[in-house]
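Worksheet: the structure to be examined is printed underneath.
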Amino acid sequence: MAAGPHLLGGEIELLERIRYNDGLDSYRLTPQELRERFIASGTDAVYAFQTRNPTHAGHAYLMQDAGRQLKAMGYKKPLLWLTPLGGWTKDDDMPLDVRIHQHQVIIEEGMLPADTVMAIWPSPMIYAGPTEVQWHCKSRRNVGARFFITGRDPAGIKRSKNENQMQVGGDFYDGNHGRYVLQTSPGMGEMKILSFSKVVYDKLDNRMKPPDKARESDFLSISGSTMRALAKKGAPPCPDSIPANWEETKPCIPNGFMAKRGWELMIQYYQDPANTKWIGYSRMMSEPLVAPGHFVTKGKFGKPSWTLYFQDANGENISPWHDIPLYPHSQDHSQEDRIVTMMVEIPMGRMEKLEVNKETEFNPIKQDTKNGKPRYYKYGVPFFNYGMLPQTWENPAKKDQAGHCGDGDPLDVMEIGSRQLPTGSVVQVKVLGLYSLIDQGEVDYKIIVINKDDPLASSMRTEADIDAAVKDRLADWLKMYKTAEGKAVNELTSDEMEGPLKAMSVIKETNNYWREGRENGKI
């Protein structure tokens, strides 16, 4: 979106603590809180381990052995700082909430050192391998870590099975390059690297350790894909001795590979990965801004289950689309003063893409979804209140003069006043103009209005009264907002806003379409 004529810069002062309200805030510690925790523990060496995966015995070996190494160096009380990434990760990575609860169980069941502090690190995962691992390491140093554990292929991308990594079609880098680069990286200061090569599962004592070439048949290499497949089928723990044909059949999870409760959490997730209750990564779960009135809310806000039902004074469900009058007065009077009724779906300044649901009985407000996940506006913060005009319908069977069909929805409306209007607000608005958006061959009108009680309303009667910069921002938003999701630029029939007479004509026409649709049972 256009930046506008002014840009602000300077120091940022945090007025209140950032909270995500996702049930994981107790695991989010600020750098200052972490330093205080380190000091209070009496540690003489903090060593950090970064992870985006569930903890299994291979990870535990690295963390346990790192502590043993530090004690061998003469440190009396080394402290493990477990720092699972909380920022964005790929959809096929384990969700943040499952990982955090699994880590906590692993700690409680003694797989990790007794002196362990776990705190979510807010960084995303970029999968940049040797480059990114330097960020992982140095950012922990800035909080107080003196040692950083790195294993094979830190921050790596999916790897091919190509033996010659350098030939065309091979990988960008070898799995060991990350730790090699980190050990020679400039700017490390006093930070030291605890580097580990690959570890494997020893069938003789059910422990992870470096492989012994003298008895290769005694070891199992349990990949991440194998672990996921075992969890998906709910594999039970193996008996005391690993079945001889385990490599071929994989009937069970080897003993000691993961603590029992941790493995149960893995099974719960991988047997139901599409469930929308999982929290993929840190996103603020805000509370909805809902107008006072007669509403019934179901589900959790920010999840597909969230639903806002409208009710009348008797507690009966009503449809905001069909049961709220479009015209607050008679149609002729409303046409003359250009006042209609708007129902607010998305308040100014909110990113959640809320809308009246046409398919659900009583047409409650729900959050739009894509592939089962809630949708958010990504093209900046909306500077307008967004909603719909009740008792209107852009009939898909009707075409405009250019041959564009309606999109089958109520009319969209953008309120450009100075006040934020909560979701569910029913307000009388003054019609100022419209834009005609063409989306995949369909016309999607955007009616531009202002709350008749807004302080700015008295100075606005037509599109000519709207500040040119506001009109430019509106046109820019309508054309560009989908590009933030990787889609093409939208088409407007004109970047110039059409006036209130055209807008009122479209409102009257779509109100007639709505009436016809109700009479013939199409809506």
Side-chain angles (χ1 to χ4, degrees), residues 22-24 26-27 49-64 80 82-113 116 118-121 125 127 151-156 158 198-203 206-208 219-240 242-243 246-282 372-373:
D22 58 0
L24 302 175
S26 62
Y27 296 101
F49 184 77
Q50 184 280 133
T51 180
R52 75 174 192 272
N53 295 307
T55 299
H56 56 64
H59 303 123
Y61 172 84
L62 270 59
M63 289 180 267
Q64 293 277 13
L80 171 63
L82 178 61
T83 65
L85 288 182
W88 176 85
T89 55
K90 298 196 294 356
D91 288 343
D92 58 355
D93 279 324
M94 178 170 277
L96 176 62
D97 57 336
V98 184
R99 287 188 280 125
I100 295 301
H101 295 143
Q102 195 264 358
H103 295 324
Q104 185 61 43
V105 165
I106 294 299
I107 293 171
E108 292 171 358
E109 298 208 1
M111 283 190 72
L112 299 184
T116 298
M118 178 177 67
I120 294 172
W121 194 245
M125 172 60 75
Y127 306 91
R152 183 177 180 275
D153 201 17
K158 285 186 175 180
K198 184 177 181 179
V199 295
V200 289
Y201 182 86
D202 189 342
K203 294 185 289 186
N206 300 336
R207 293 178 180 275
M208 301 292 288
F219 293 93
L220 296 176
S221 179
I222 305 174
S223 66
S225 57
T226 296
M227 181 178 65
R228 291 189 288 270
L230 288 168
K232 185 175 182 178
K233 70 179 183 180
C238 292
D240 291 339
I242 303 293
W246 187 91
E247 294 273 17
E248 294 76 28
T249 61
K250 297 182 175 60
C252 53
I253 187 73
N255 285 316
F257 183 74
M258 188 175 293
K260 182 175 182 295
R261 288 164 55 207
W263 182 244
E264 290 171 351
L265 289 172
M266 294 276 292
I267 291 174
Q268 289 176 21
Y269 169 67
Y270 281 113
Q271 290 191 339
D272 189 19
N275 195 314
T276 58
K277 71 179 182 180
W278 310 119
I279 300 170
Y281 54 91
S282 295
K373 296 182 178 181

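Keep in mind that the numbers below use all heavy atoms, side chains included, and drop hydrogens, waters and symmetry copies. Just so you know, these numbers come straight off a predicted model, no measurement behind them.
Closest approach of P239 to C252, counting heavy atoms only: CD-SG, 4.3 Å. Considering all non-hydrogen atoms of both residues, A231 and Q271 come closest at O-CG, 3.8 Å. Between M125 and T89, the shortest heavy-atom contact is CB-CG2, 4.0 Å. Here the shortest heavy-atom pairing between T249 and P251 reads OG1-CD, 3.1 Å. The heavy-atom pair separating L220 from P254 by the smallest distance is CD1-CG, 4.4 Å.
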Before you tell me yes or no, could you show the steps for Y61 and R207 under side chain to side chain contact (heavy atoms under 4.5 Å, CB included), namely the whole-Å CA-CA distance, both residues' side-chain angles and the distance that decides it to 0.1 Å? CA-CA 9 Å; Y61 172 84; R207 293 178 180 275; over 6 Å; no
Could you go through the side chain to side chain contact (heavy atoms under 4.5 Å, CB included) check for Y281 and D93 one step at a time? CA-CA 10 Å; Y281 54 91; D93 279 324; over 6 Å; no
I'd like to know whether Y27 forms a side chain to side chain contact (heavy atoms under 4.5 Å, CB included) with Q104, so could you lay out the CA-CA distance, the side-chain angles of the two residues, the decisive distance to 0.1 Å, and finally the verdict. CA-CA 10 Å; Y27 296 101; Q104 185 61 43; 3.5 Å; yes
Passes side chain to side chain contact (heavy atoms under 4.5 Å, CB included), Y201 versus N206? Steps please. CA-CA 7 Å; Y201 182 86; N206 300 336; 2.9 Å; yes
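Of the inter-residue distances, the one linking L24 atom CG with L96 atom CG reads 5.5 Å to the nearest 0.5 angstrom. Atom CG of L265 sits about 12.0 Å away from atom CD1 of I100, to the nearest 0.5 Å.
Two residues are said to be in side-chain contact when any heavy atoms from C-beta on lie closer than 4.5 Å; W246 and I222 meet this criterion. Between F219 and V199, the closest side-chain pair of non-hydrogen atoms is not below 4.5 Å.
At least one donor-acceptor pair under 3.5 Å links the side chain of S282 to the backbone N or O of G86. The closest donor-acceptor contact from the side chain of W278 to the backbone of D272 lies under 3.5 Å. Looking at N53, its side chain never comes within 3.5 Å of a backbone N or O of M94 through a donor-acceptor pair.
For the pairing with H56, the side-chain contact (heavy atoms from CB on, under 4.5 Å) check across M266, M227, Q102 returns one residue only, M227. Between I106 and the options M118, M111, M63, a side-chain contact (heavy atoms from CB on, under 4.5 Å) holds for only M111.
Counting non-hydrogen atoms of neighbouring residues, nucleotides and ligands closer than 6.0 angstrom, the NZ atom of K233 exceeds 12 such neighbours. For K250, the NZ atom sits in a packed shell: over 12 heavy atoms of surrounding residues, nucleotides or ligands are nearer than 6.0 Å.
Between W88 and Y127, the angle of the ring planes goes over 60°, which puts this pair in the perpendicular group of the 30/60° scheme.
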